[in-house]
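Computation of the quantities below employed the complete heavy-atom set of this structure, encompassing side-chain atoms and omitting hydrogens, waters and symmetry-equivalent molecules. Just so it is clear, the model here is predicted, and its values are computed rather than measured.
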Amino acid sequence: MSGRKKKSVYAVGSSSLADEMKNSLKFEEDDELRRNSGKFTSVSSQNVHSVNFAISGSKKKKFNEVGSKKKTVNEGKSASVEEAMTPAELNIKGCEYYEKGDYEQALTFFDKAIASSPDNGPLHCNRAGPLIGLMRYSEAIKECEEAIRLAPTYFRAHERLGTFLLCLGQVENARKHLCFQGHKPDEATSLKLQEVSKHIKKCTNARKLEDWPTMLKEAKAAINSGAELSSQLFACQAEAHLKLHQLDEARACMHTAMLCDPSAPAYKSKHFGILTEAYIYFVLSQIHTAFGRFDKACTAIERAARVDPQNAEVIRLLKKMKLVGKGPFRGNDLFHAGRYTEACSAYDEELTLDSSNSILYCDRAACWSKLGEWEKSLADSNQALFIQPDYTKALSRRAISNLKLERWADAVRDYKSLRQEHPDDRDIADFLSHARAELKKSRREGKMELVSDLEKFQAAIASGVSVVLFKEISNLQCSEMSSVVDALSTKYYSSVRFLKVDVELSPAIAASVNITTVPRVTIHKKGSRMSQLTIPRTDLLESMIKKVIFAPN
């Protein structure tokens with residue numbers, strides 16, 4: 001198998017901005033440089049291979065090897081040769097190294113040229129190129145701005161800055177520079193401006209409507225259309241993933257968003273009514289909260305509030321975090337003190353403030369388990385896993401809850417998953433072995449499975465054939481019907497799932513299938529009720545089961 005690393009889905013950009021600069025912009029000297037050198041240098045317009053901004057380890061190694069060889073050669077040269085070079089000659093050497101992709105060396109020559117001629121606007125513009133290649137984006141913006149300050153009518157600096165701002169998703173600012181003094185962008189750049197603007201507007205509208213799938217789609221489309229360095233758009237993706245309970249994807253997108261400096265001058269504009277820098281830390285705070293990192297979440301939202309203290313969304317989350325940040329510690333302290341009922345109440349309070357926090361549900365599940373409330377522990381574990389599907393601790397809580405509730409098939413499923421993640425854990429192996437033995441025993445004995453949760457019931461009858469006994473403990477006829485169903489469960493356990501529901505404990509299940517009297521047996525196939533029985537007759541029930549089993553789908 002090849003040792004080449006697979007490119008991340010969330011790598012920044014589909015092509016290198018440095019390469020785009022090579023393809024679209026020229027490096028120029030001013031009149032004085034032309035007179036001194038008698039030469040004019042431009043970067044080749046040929047296509048240079050795409051360089052991912054999240055450079056893989058193998059590419060870094062290759063680049064370092066090339067750089068090492070060049071250093072060896074340069075060390076052998078006399079320093080006086082470079083000192084004698086004119087700014088124009090230093091500029092030419094910088095351009096040559098830039099075109100080769102050796103951004104460090106290019107930067108060295110541009111620095112020396114600027115040291116000799118600090119007020120030369122084109123040199124500052126040229127220096128922005130290798131800075132972009134080295135992912136030093138804030139410095140690159142400053143160099144372009146300095147070039148424009150020194151040479152206000154120098155269009156190349158405006159074009160470079162505009163191209164860079166477009167990659168940052170700053171469409172209107174980019175347009176001002178790209179269309180400076182009546183210039184018209186080329187067709188490709190005009191299309192990028194149009195497409196990025198269109199997708200950002202759709203992304204904004206989707207957020208207002210809390211249409212998270214559309215927001216995610218439009219943010220990706222804007223990035224793919226040309227805004228490949230936009231921290232704001234990667235933060236949009238992170239927020240959408242978070243709202244869709246896709247925490248790993250949210251974390252990956254947020255990591256990419258932070259690769260660009262959120263405090264850069266280009267991020268002082270507003271999106272969604274929030275300053276871009278504040279929005280990035282606003283989303284980061286929510287991600288930290290989802291992973292239980294409450295201290296970091298508070299730090300992030302406090303920074304967002306310092307950047308944009310007037311924004312209602314930011315201030316609302318800040319107030320909530322000040323409350324939520326204290327709650328888990330109080331709940332945990334009560335839990336460790338053995339005050340489980342009080343701990344549950346503490347977690348209840350925090351969940352009213354943050355109902356999508358998987359950590360809080362998992363912690364409350366632990367409290368319920370200590371109180372022997374296994375149904376509640378199971379419900380909270382399921383909710384934690386719904387929010388964060390790969391939450392191992394919540395899966396472990398659900399597994400033990402299923403074990404205590406004697407739901408052997410579900411316990412086997414959960415412990416098998418845990419075993420895959422922790423193959424050397426002896427306790428998990430023992431629990432899995434026990435659950436498998438009990439499952440086998442229950443099927444051999446024809447034991448019916450007690451169901452008391454509506455979602456669990458609906459899932460159980462959704463596939464295959466299921467026989468459900470609805471009963472009351474005190475009802476004599478229910479006892480007779482239970483004996484009939486038990487006898488048949490021993491015979492048909494391999495092809496039919498046998499369930500029982502106590503309607504006094506679980507009225508919601510009975511209501512969901514319109515059960516008003518007991519005892520009653522219903523037979524379901526793939527979620528649909530096929531037949532029912534109200535009298536305890538073994539022969540009649542067996543005939544009905546066979547008919548459903550062999551009925552065409």
Side-chain angles (χ1 to χ4, degrees), residues 244-248 289-292 328 331-332 335-336 340-341 343-344 346-348 350-351 354-443 447-463 466 497 499-502 505-506 508-509:
L244 294 169
H245 308 304
Q246 299 163 352
L247 298 194
D248 284 339
T289 301
F291 283 98
N332 291 346
F335 179 86
H336 291 304
Y340 305 123
T341 302
C344 281
Y347 291 129
D348 287 346
E350 300 319 311
L351 283 167
D354 188 7
S355 61
S356 62
N357 192 306
S358 59
I359 308 289
L360 293 174
Y361 281 109
C362 188
D363 287 346
R364 192 171 68 175
C367 289
W368 291 129
S369 67
K370 290 293 186 181
L371 294 168
E373 297 278 3
W374 296 108
E375 288 285 2
K376 292 180 179 179
S377 175
L378 180 63
D380 276 351
S381 299
N382 277 329
Q383 186 62 26
L385 287 166
F386 173 74
I387 296 168
Q388 188 177 346
D390 60 347
Y391 193 1
T392 302
K393 185 180 285 188
L395 180 62
S396 180
R397 298 242 189 275
R398 188 174 73 179
I400 193 65
S401 298
N402 280 319
L403 202 69
K404 292 294 184 179
L405 291 167
E406 298 185 3
R407 294 175 182 170
W408 309 118
D410 293 334
V412 167
R413 176 202 62 207
D414 289 343
Y415 281 117
K416 280 177 70 176
S417 296
L418 289 167
R419 181 78 165 146
Q420 289 176 348
E421 293 184 36
H422 306 284
D424 300 323
D425 191 304
R426 191 66 254 168
D427 289 338
I428 291 175
D430 290 343
F431 282 130
L432 177 57
S433 178
H434 173 68
R436 279 173 167 164
E438 289 297 329
L439 177 61
K440 185 176 181 180
K441 180 181 176 183
S442 68
R443 285 176 171 174
K447 186 175 181 179
M448 288 184 288
E449 180 182 352
L450 177 65
V451 182
S452 54
D453 178 77
L454 178 57
E455 288 186 9
K456 182 73 179 176
F457 172 76
Q458 291 171 337
I461 65 172
S463 60
S466 304
R497 189 169 187 177
L499 311 170
K500 57 184 175 183
V501 176
D502 188 324
L505 296 177
S506 308
I509 297 178

Take S452 and L405 through the test side-chain contact (heavy atoms from CB on, under 4.5 Å) and record every step on the way to the result.
CA-CA 10 Å; S452 54; L405 291 167; over 6 Å; no
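- Of the inter-residue distances, the one linking T392 atom OG1 with E421 atom CD reads 3.5 Å to the nearest 0.5 angstrom.
- Considering W368, Y347, Y361 as possible partners of D380, the one that fulfils the side-chain hydrogen bond (donor to acceptor under 3.5 Å, both in side chains) test is W368.
- By the side chain to side chain contact (heavy atoms under 4.5 Å, CB included) test, L505 is found to be paired with D502, residues two or more places apart in sequence or in another chain being considered.
- Put simply, the side chain of I400 does not reach to within 4.5 Å of the side chain of S369, judged on heavy atoms.
- E375 and R407 are joined by a salt bridge, as a carboxylate oxygen and a charged side-chain nitrogen come within less than 4.0 angstrom of each other.
- Minimum interatomic distance between Y391 and I359 (heavy atoms only, all atoms of both residues): OH-CD1, 3.3 Å.
- The shortest non-hydrogen separation linking Q420 to P423 is O-CD, 3.8 Å.
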For this session: I would like to know whether E449 and R497 meet side-chain contact (heavy atoms from CB on, under 4.5 Å); could you show each step before the answer?
Result: CA-CA 8 Å; E449 180 182 352; R497 189 169 187 177; 3.1 Å; yes
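- Listed here is the closest heavy atom pair of A399 and A411: O-CB, 4.3 Å.
- Of all the heavy atoms in L395 and D414, the pair that sits closest is CD1-OD1, 3.6 Å.
- Inter-residue side-chain proximity for V451 and K500 is flagged as unmet; no heavy-atom pair is nearer than 4.5 Å.
- Within the 4.5 Å cutoff, no side-chain heavy atoms of L432 are placed close to those of L418.
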Exercise for the section: Report the C-alpha distance between N402 and W408 in whole Å, list the side-chain angles of each, state the deciding distance to 0.1 Å, and finish with yes or no for side-chain contact (heavy atoms from CB on, under 4.5 Å). Expected result: CA-CA 7 Å; N402 280 319; W408 309 118; over 6 Å; no
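- Expressed to the nearest 0.5 Å, how far CG of L385 lies from CD of Q383 amounts to 9.5 Å.
- Counting heavy atoms from C-beta on, the side chains of W374 and L403 never come closer than 4.5 Å.
- D390 has its side chain within reach of D248: a pair of non-hydrogen atoms, C-beta onward, lies under 4.5 Å apart.
- The main-chain N or O of E373 is never found under 3.5 Å from a side-chain atom of S377 such that the two would form a donor-acceptor pair.
- Residues A508 and L454 come closest through the heavy atom pair O-CD1, 4.1 Å.
- Contact check on R426 versus D430 returns a salt bridge, with a Lys/Arg side-chain nitrogen under 4.0 Å from an Asp/Glu carboxylate oxygen.
- Atoms CZ and CG, on R397 and N382 in that order, are 14.0 Å from each other to the nearest 0.5 Å.
- Under the 4.5 Å side-chain criterion, counting only non-hydrogen atoms from C-beta, R413 is in contact with R398.
- Within the model, atoms OG of S381 and CZ of F386 stand 15.0 Å from one another, a figure rounded to the nearest 0.5 Å.
- Atom CZ of F335 is separated from atom SG of C344 by 9.5 Å, given to the nearest 0.5 angstrom.
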